Amino acid sequence: MSISVDWSELQPELIESIAKKLKVHKDYVRFRAVCSNWRKSTSKTPKHLPCQLPWLMLPQTNNQNRQSHLRAFFSLSDNKTYRLSLPEASNIRRRCGSSHGWLVILEETPAVFLINPLTRVKHHLPPLSSFPNVTKFNFYDIGREYTLKTSEGDAYTCSLKEMRDSFIKKVVFSSSPSDSHSDYFALAILNQTGDLAYCKKGDSFWKFIDNAQSYCEDAVYHKGCFYAVSKYGTIAVCDVSQSLPNVSFIQTPLQVGGDMQYLVSLDDELLLVTRYLELGFDVDQHQLDIFYKTTEFRVYKLVLNGPKWESLSKLDEWALFVGENSSMAFRASDFQGCKGNQIYFTDDYSEWNYDGANGDHDLGVYDLEDGCVVGLPCYPRKFYNGRRWPPPIWVTPSLH
């Protein structure tokens with residue numbers, strides 16, 4: 001004799017317990033969609049979910065309206081492209097990094113804000129006019145709205161557009177800004193001066209980290225501190241938890257010949273990833289295209305008793321994601337769509353990312369074992385018929 005069970009009538013505690021076993025966003029969304037009882041018994045913002053495999057935010061194509069509010073995101077796990085309404089990320093604005101599922105957005109005003117592409121929740125960081133080297137802001141001084149000072153004390157001016165496009169290289173967070181009950185720090189890497197500036201949740205202005213200038217290649221929050229790396233691979237450890245930041249340094253194997261440096265937190269370990277580029281030329285339809293292409297990555301792991309650095313020839317089941325995003329590591333066996341021992345990279349050397357240039361963006365997948373670079377399924381050659389601004393960026397989808 002079969003027994004009929006009405007699954008919609010499960011006890012709320014049991015439904016919640018089952019939901020917390022789920023690890024993938026789309027599974028959780030489908031679970032809540034089963035019926036009204038399951039939806040009422042589970043949280044709309046599942047904070048138990050681990051960091052999800054990144055989506056690739058794609059640039060707008062040539063045939064899209066420049067003011068279009070829709071932006072395309074490619075999911076490696078699904079091998080699908082999703083279109084989200086995101087007018088805040090239109091091409092009249094500029095994003096400068098993604099971290100913990102949030103995009104940092106600049107526009108032609110002093111405002112700096114961050115947005116979660118899935119939930120559309122917005123927060124503000126201190127404005128551009130509050131950086132220590134900005135001495136004056138006058139909205140009516142057309143073309144010279146900002147007055148800044150150099151480290152030598154000289155003054156110069158910048159327009160609204162110049163500050164939007166070139167002042168900040170990247171912003172990374174210590175933790176997700178979504179938790180209203182927890183503090184977080186934001187670290188901004190400045191493009192031209194190489195300074196590091198930080199703020200705490202609720203601050204109204206940015207502060208410089210003294211003694212850490214030129215550590216401006218990349219930064220990551222690791223074991224309670226920001227770690228920032230220089231062009232040559234040396235690392236500054238910045239503890240910003242006190243009123244005055246404490247800075248110490250870690251020596252690394254000198255990365256002579258490396259073009260870009262990234263820092264990746266992998267569980268309790270810290271990785272230094274060096275990227276090598278090659279200059280190329282292409283003549284297509286009587287037009288000369290000068291471009292850079294990634295040829296190699298080298299990876300080092302910090303061994304704490306020393307400290308010393310160990311060269312890694314393989315990452316085993318781990319996959320790394322680097323670019324304009326806050327660099328990340330994922331265990332490939334936890335997610336569909338990615339493979340271990342590979343580095344997924346995007347194009348983040350800004351001087352070659354101007355709109356309308358010929359050639360393709362430099363993005364793809366590097367296999368650490370055989371040294372091969374392959375393209376991403378969503379980005380076949382000549383798909384976009386030229387580089388589009390801004391270039392693609394990895395964004396971790398987050399429901400909170």
Side-chain angles (χ1 to χ4, degrees), residues 94-106 110-116 122-135 137 146 148-151 158 163-164 166-231 234-250 261-265 270 272 324-328 348 396:
R94 175 188 166 238
R95 43 126 237 263
C96 54
S98 74
S99 184
H100 293 276
W102 294 73
L103 287 168
V104 182
I105 305 290
L106 304 176
V112 182
F113 68 90
L114 44 147
I115 187 168
N116 182 321
K122 252 200 249 187
H123 295 304
H124 278 83
L125 295 175
L128 293 176
S129 54
S130 71
F131 277 85
N133 56 338
V134 178
T135 59
F137 173 75
Y146 292 89
L148 298 92
K149 65 178 179 181
T150 66
S151 56
C158 282
M163 287 291 284
R164 181 197 70 179
S166 61
F167 186 66
I168 296 178
K169 176 181 179 180
K170 179 192 288 192
V171 176
V172 299
F173 300 119
S174 61
S175 59
S176 174
S178 62
D179 193 342
S180 59
H181 303 293
S182 299
D183 289 334
Y184 67 88
F185 291 95
L187 182 81
I189 301 173
L190 301 194
N191 252 326
Q192 297 173 344
T193 64
D195 285 300
L196 299 180
Y198 75 100
C199 66
K200 187 178 180 180
K201 175 185 174 182
D203 284 351
S204 58
F205 57 89
W206 295 87
K207 294 172 278 190
F208 279 157
I209 300 177
D210 295 331
N211 305 319
Q213 191 180 45
S214 80
Y215 290 82
C216 53
E217 280 286 289
D218 192 25
V220 68
Y221 195 76
H222 179 72
K223 292 188 173 181
C225 296
F226 284 107
Y227 286 64
V229 62
S230 74
K231 182 72 173 178
T234 54
I235 293 173
V237 183
C238 308
D239 183 353
V240 297
S241 60
Q242 306 301 319
S243 56
L244 290 177
N246 180 52
V247 180
S248 57
F249 300 93
I250 299 176
Q261 311 290 344
Y262 302 94
L263 293 175
V264 186
S265 181
L270 183 69
L272 170 65
E324 191 188 348
N325 58 288
S326 185
S327 305
M328 299 169 286
D348 63 329
T396 51

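Everything numeric here is computed off the predicted structure, so don't read it as measured data. These numbers come from the heavy atoms of this one structure, side chains and all, not from hydrogens, waters or symmetry mates.
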Lys169 side, atom NZ; Cys96 side, atom SG - distance, nearest 0.5 Å: 12.5 Å
Value rounded to 0.5 Å, distance of CZ in Arg164 from CG in Leu128: 11.5 Å
With Ser178 via side chain to side chain contact (heavy atoms under 4.5 Å, CB included) - residues at least two apart: Trp102, Ser176, His400
Validation row: Pro110, Phe137 side chains within 4.5 angstrom (heavy atoms): yes
His124 NE2 to Leu114 CG distance, which is reported to the nearest 0.5 Å: 8.5 Å
pair Leu148-Met163: side-chain heavy atoms closer than 4.5 Å: yes
Expected list for residues 210-218: side-chain donor-acceptor pairs under 3.5 angstrom, two or more places apart:
from   : atom 1 : to     : atom 2 : distance (Å)
Gln213 : NE2    : Thr193 : O      : 3.3
Gln213 : NE2    : Asp195 : OD1    : 3.4
Glu217 : OE1    : Gln261 : N      : 3.0
Asp218 : OD1    : Lys170 : NZ     : 2.8
Asp218 : OD2    : Leu263 : N      : 3.0
Asp218 : OD2    : Ser327 : OG     : 3.1

Residue pair Val264 / Val220, side-chain heavy-atom distance below 4.5 Å: no
Side chain proximity check, Ile168 to Leu190, heavy atoms < 4.5 angstrom: yes
Heavy-atom closest pair, residues Leu125 and Cys199: CD2-SG, 4.2 Å
side-chain hydrogen bond (donor to acceptor under 3.5 Å, both in side chains) against Asp239, all qualifying residues, sequence neighbours excluded: Ser241
Main-chain N/O of Phe173 paired with Ser99 side-chain donor or acceptor, under 3.5 Å: yes
Least distance between heavy atoms, Arg94 atom then Ser166 atom: NH1-N, 4.3 Å
Side chain to side chain contact (heavy atoms under 4.5 Å, CB included) partners for Ser175, two or more places apart: Tyr184
Pairwise side-chain contact, Phe249 with Thr234, heavy-atom cut-off 4.5 Å (strictly under): no
Listed partners of Ser182 passing side-chain hydrogen bond (donor to acceptor under 3.5 Å, both in side chains), at least two apart: Asp179
Pairing residues for Ser98 by the side chain to side chain contact (heavy atoms under 4.5 Å, CB included) criterion, not counting sequence neighbours: Leu103, Asn325, Ile393, Val395
Within-4.5 Å side-chain heavy-atom neighbours: Glu324 and Arg95: yes
Test side chain to side chain contact (heavy atoms under 4.5 Å, CB included) applied to Thr135 - qualifying residues, sequence neighbours left out: Thr147, Lys149
Beyond-backbone contact of Ser265 with Tyr227, side-chain heavy atoms, under 4.5 angstrom: no
Qualifying residues under side-chain hydrogen bond (donor to acceptor under 3.5 Å, both in side chains), relative to Tyr262, sequence neighbours excluded: Arg275, Asp348
For His100, all residues meeting side-chain hydrogen bond (donor to acceptor under 3.5 Å, both in side chains), sequence neighbours excluded: none
Of all pairs that satisfy ring pair (Phe, Tyr, Trp, His ring centres under 6.0 Å), the ones with a partner from residues 185-211, not counting sequence neighbours: Phe131-Trp206
Check: Ile209 and Val247 side chains under 4.5 Å, non-hydrogen atoms: yes
